[in-house]
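Below is one structure, written out as structure tokens; the observations come after it.
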There are 2 protein chains.
Amino acid sequence: MTQTNEHCNAAETLQGAGLSQTTQRMAVLEIIIKADGPLSAADILNRTDPKQKINKVTIYRILSSFKERRIIRELPTDQGMNLYEMACRHNPIHPHFYCKTCRIMSCLPPLTLSQAMDWFAGSNAFRIDDVHVNLSGVCRRCRE
Amino acid sequence: MTQTNEHCNAAETLQGAGLSQTTQRMAVLEIIIKADGPLSAADILNRTDPKQKINKVTIYRILSSFKERRIIRELPTDQGMNLYEMACRHNPIHPHFYCKTCRIMSCLPPLTLSQAMDWFAGSNAFRIDDVHVNLSGVCRRCRE
DNA sequence: AATTGGTTTGCAATTGAGTTGCACTTAATG
DNA sequence: CATTAAGTGCAACTCAATTGCAAACCAATT
Ligand SMILES: [Mn+2]
Ligand SMILES: [Mn+2]
Ligand SMILES: [Zn+2]
Ligand SMILES: [Zn+2]
């Protein structure tokens, strides 16, 4: 239910993605690696060293380039903002649970939809109000 | 791949949900029922009768109350806006495909995740870049 | 019919996440 | 070091969605 990405190394990850190793990128990546759940851009800003605060715009640009290079995944919420988590081999794609009250997104174990249904039927950990399954990419018409 | 909700009746639906039958609510609901895919608030506004244009705020409030009463489902996109579709018995919950190029969201047949993987592996209809599975509701800690 | 009170709508102003333009700074390379 | 493309900070901006408030609507009484 929590991310187990303590194995990822920020410097190596940047190098592997062909991104130069700036202090801002290192700081943002280390915050995401250390996090025990998905973070918003504001969460990341709040966790930066107050002595060398990174500009909000820079954080958005870094997140955007990390996402593009598949270092992180972007998780849209119903609340009009995105959350981010590591997309490394230690953190395979999985469902999430977003609590509308405390606004915390929890990671769930990877399951098929039907397994998930069974699991939730027998679980009272969450009261599920909504299920969203969304794929995105480029449709056939737009590729030709 | 398209919605088959031609069976839903706007007036009955409002009555069943305990909502009074105003001209604005009827217009919005009929637009969503007739649509052949999920619509944004702006899409709905564009489809209202120009002679009796409904205010944008009213549309948001109507969508909000429909969502609350489970008449419609809200589908967040990566693009910072929500899409809406009928949540009636004729339109069971299912995955969606959002094309980042033409910005059209297509409805996909209901499948388990593993079925979906197989289906997509053999299909070249879409180039899938992202998969999001999100549940939301209220967590245990927030319920007690 | 007129009165009442609660609900719904319209308009203007506002919020807040995310973006853009441009000048300044920094990291990588020789 | 010196050069230069890449990265960053700041201010202004965009745009979906929200809020406050007054006017309009509607149903239920008098
Ligand atoms: Mn996760
Ligand atoms: Mn759909
Ligand atoms: Zn909670
Ligand atoms: Zn397309």
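Below, chain A is the first sequence line, B the second, and so on; all start at residue 1. Worth saying up front: this structure is predicted, and the values here are computed from it rather than measured.
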Atom of B:R69, atom of B:A17 and distance for their closest heavy-atom approach: NH1-O, 3.0 Å
Rounded distance in Å - CZ (A:R103) to C1' (C:dG16): 12 Å
A:I71 vs A:M86, side chain to side chain contact (heavy atoms under 4.5 Å, CB included): CA-CA, chis, key distance, verdict: CA-CA 6 Å; A:I71 293 173; A:M86 288 304 291; 4.3 Å; yes
Minimum side-chain heavy-atom gap A:K67-A:L63 below 4.5 Å: no
Nearest-Å distance for atom pair CG/C1', residues A:D43 and C:dG18: 15 Å
Contact summary for B:N82 and B:P76, nearest pair of heavy atoms: OD1-CA, 3.3 Å
Whole-Å distance separating the CD atom of A:E68 from the P atom of C:dT19: 12 Å
Phosphate contact (D:dA16 OP1 or OP2) by B:N82 side-chain N/O below 4.0 Å: no
Passing option when B:L75 is tested against B:P38, B:S40, B:C107 for side-chain contact (heavy atoms from CB on, under 4.5 Å): B:P38
Heavy-atom donor-acceptor pair, B:R25 side chain to B:I62 backbone, under 3.5 Å: no
DNA chain D contacts made by residues 53-62 of chain B, counting heavy atoms under 4.0 Å: B:K56, B:V57, B:Y60, B:R61
Interatomic distance, A:L45 CG vs D:dC10 C1' [rounded to whole Å]: 14 Å
Whole angstrom value for the distance that separates P of C:dT9 from CD of B:Q52: 13 Å
Close side-chain approach of B:F66 and B:L19, heavy atoms under 4.5 Å: yes
B:Q79 CD - C:dA17 P separation (whole Å): 18 Å
For atom CD of B:E74 and atom C1' of D:dA17, their distance in whole Å: 11 Å
Interatomic distance where CG belongs to A:L63 and C1' belongs to C:dA17 [whole Å]: 12 Å
Interface with DNA chain C, restricted to residues 19-29 of chain A and to heavy atoms under 4.0 Å: A:S20, A:Q21
Side-chain heavy atoms of B:S106 within contact of A:C139, under 4.5 Å: no
Heavy-atom side-chain proximity of B:I59 to B:Q24 below 4.5 angstrom: no
